[in-house]
Amino acid sequence: MEQQSSAHSVKLYIYDLSRGMARQLSPIMLGKQLDGIWHTSIVVYGDEFFFGGDGISSCPPGGTMLGPPNSVVDLGITEVTGEIFMDYLMSLGESTYRGECYRLFEHNCNTFSNEVAQFLTGKKIPSYITDLPSEVLSTPFGQALKPILESIHIQPPGSNILNGHNMQS
C-alpha cells in the first residue's frame, strides 16, 4: 500500500528594515529608487527561519521585533519532512551559515532564504530582493558606505537552531 505523502506550505516573509525610509531617501542618496532594504525569512513547519549575525535562528511566524512582514510570497509546497529539513539546517548552521559567515552584501538573510527556498521547493526568491546589494554597490554612495555597512550584522531576536543541541565539534 502506498504511503500518504504530506505536503507543507512554504512562505517567504519579506520585511523592509528601513520601514519606508529607503523609498523616500534612496533617490536623493543613491540617485535611484529602492523600494526597501529587505530582510527575508522562510516560514515552514509552523516556524520562521532566518540567518543573521548569530547564525540560523527560528521563531514563531512574525515573532521577531520586526513585527508582521511587509509582504508574504507563497513559494509553494514541499514534501521534505521536518526532520530532514532540520538536519539540512543543522549542516548549514555548522558550515556556510555560521554567524561569523554573515556578510551584509554577499552572504546574508536573503542568500539563506534563496538557498532554503530552492532546497524545499526548487524555486528562487524574487530577484528584486537578491539583486539589492549589487544595486546599492553600483552607486558611488553605496561604494562609499560599503566599509561601514559591512560591519553591520542584522540579527532579529530568535532562538539559534544550534543552541541546546548536543553537537560534536
Run the side-chain donor-acceptor check on residues 59-75: report pairs under 3.5 Å with partners two or more places apart or on a different chain.
| residue | atom | partner | partner atom | Å |
| --- | --- | --- | --- | --- |
| T64 | OG1 | L66 | N | 3.1 |
| N70 | OD1 | D16 | N | 2.9 |
| D74 | OD1 | G76 | N | 3.0 |

So, using side-chain contact (heavy atoms from CB on, under 4.5 Å) as the criterion, who are the partners of T81 when residues are at least two apart? E83, I84
According to the interplanar angle, ranging from 0 to 90°, do the rings of F51 and F112 count as parallel (below 30°), tilted (30 to 60°) or perpendicular (above 60°)? tilted
Who pairs with S26 by side chain to side chain donor-acceptor pair (under 3.5 Å), at least two apart in sequence or on another chain? none
Check whether any side-chain heavy atom of V10 sits under 4.5 Å from a side-chain heavy atom of H8, and report yes or no. no
According to the side chain to side chain donor-acceptor pair (under 3.5 Å) rule, which pairs have a member within residues 44-53, sequence neighbours left out? Y15-E48, S41-E48
Inter- and intrachain pairs under salt bridge (charged side-chain N to carboxylate O under 4.0 Å, His left out), touching residues 112-136, at least two apart: none
Distance in Å, I129 CD1 paired with I14 CD1, rounded so as to fall on 0.5 Å steps: 3.5 Å
If we only count heavy atoms from C-beta on, is the S18 to Q24 side-chain gap below 4.5 Å? no
Is there a side-chain contact between F49 and M86, using heavy atoms and a 4.5 Å cut-off? yes
For T96, which residues count as a side-chain contact (heavy atoms from CB on, under 4.5 Å) partner, sequence neighbours excluded? L92, H107
Using ring-ring contact (aromatic ring centres under 6.0 Å, His included) as the criterion, list what pairs up with Y128, not counting sequence neighbours. W38
What residues, two or more places apart in sequence or in another chain, satisfy side chain to side chain donor-acceptor pair (under 3.5 Å) together with T40? N110, S113
Flag side-chain contact, heavy atom, 4.5 Å: F85 against L120: yes
Side chains of I125 and T130 in contact at under 4.5 Å (non-hydrogen atoms): yes
Less than 3.5 Å apart, which donor and acceptor atoms pair up between the side chains of residues 139-147 and the rest of the protein, not counting sequence neighbours?
| residue | atom | partner | partner atom | Å |
| --- | --- | --- | --- | --- |
| T139 | OG1 | V136 | O | 2.7 |
| T139 | OG1 | G142 | N | 2.9 |
| Q143 | NE2 | L137 | O | 3.0 |

Distance only, no hydrogens: is a donor on one side chain within 3.5 Å (strictly under) of an acceptor on the other, for N108 and T111? yes
Which residues satisfy the ring-ring contact (aromatic ring centres under 6.0 Å, His included) test with F119, sequence neighbours excluded? Y88
Looking only at heavy atoms, the pair that brings I56 and G93 closest together is CD1-N, 3.5 Å
